[in-house]
Amino acid sequence: VQLVESGGGLVQPGGSLRLSCTASGLAFDSYAMGWFRQVPGQEREGLKCINYNGMGTYPRDAARGRFTISRDNAGAILYLQMNSLKPDDTAMYYCAAARTSVCSSSWWRGEGDFNYWGQGTQVTVSS
């Protein structure tokens with residue numbers, strides 16, 4: 001199984017980025033997927049989770065209203081559209097494949113619910 005994130009980079013405050021996560025080696029359309037981020041020295045933070053069929057997205061506070069998760073099951077790609085970016089959004093962003101088809105109530109904890117992780121893509125928000 002391989003998950004490869006892309007789309008990160010340097011963006012000015014208020015700008016937008018769309019992250020992609022291309023999956024291979026798993027039945028992508030059978031599993032929930034999630035986006036997380038981590039700043040060095042801090043705990044990993046769950047952002048959004050999406051069910052196997054694209055129905056139902058589960059935001060955490062940091063992503064509510066500004067970030068949108070979506071998926072293309074035919075192409076095995078997960079997306080995270082990020083708008084109105086702030087310097088506090090600077091982090092390494094990771095996608096992950098869940099063990100189940102739907103997001104659990106505790107998906108944001110990460111490790112227990114997700115068994116495959118990408119290597120991450122860096123997002124830096126700075127003027």
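Owing to the predicted nature of the structure, the values given are computational and were not obtained by experimental measurement.
Taking every heavy atom of both residues into account, Q122 and M92 meet most closely at N-SD, 3.4 Å. Nearest heavy atoms, L78 versus G34: CD2-O, 3.9 Å. Nearest approach of K48 to P59, heavy atoms of both residues: CE-CB, 3.4 Å. The two residues W107 and F36 come nearest to each other via the heavy atoms O-CZ, 3.8 Å. Looking at every heavy atom in both residues, C49 comes nearest to F114 through SG-CZ, 4.1 Å.
Considering only heavy atoms from C-beta on, P13 comes within 4.5 Å of V125 through its side chain. The shortest distance between side-chain heavy atoms of R60 and L47 does not fall below 4.5 Å. Using a 4.5 Å cut-off on side-chain heavy atoms (C-beta onward), V39 and T90 make no contact.
Residues D89 and K86 are not paired through a salt bridge, judged by the lack of any N-O separation under 4.0 Å between the basic side chain and the carboxylate.
A centroid separation of 6.0 Å or more is found between the aromatic rings of W35 and F67. In summary, the aromatic rings of Y116 and Y31 are positioned with their centroids too far apart to meet the 6.0 Å limit.
Distance alone, capped at 3.5 Å, places no donor-acceptor pair between the E5 side chain and the L19 backbone.
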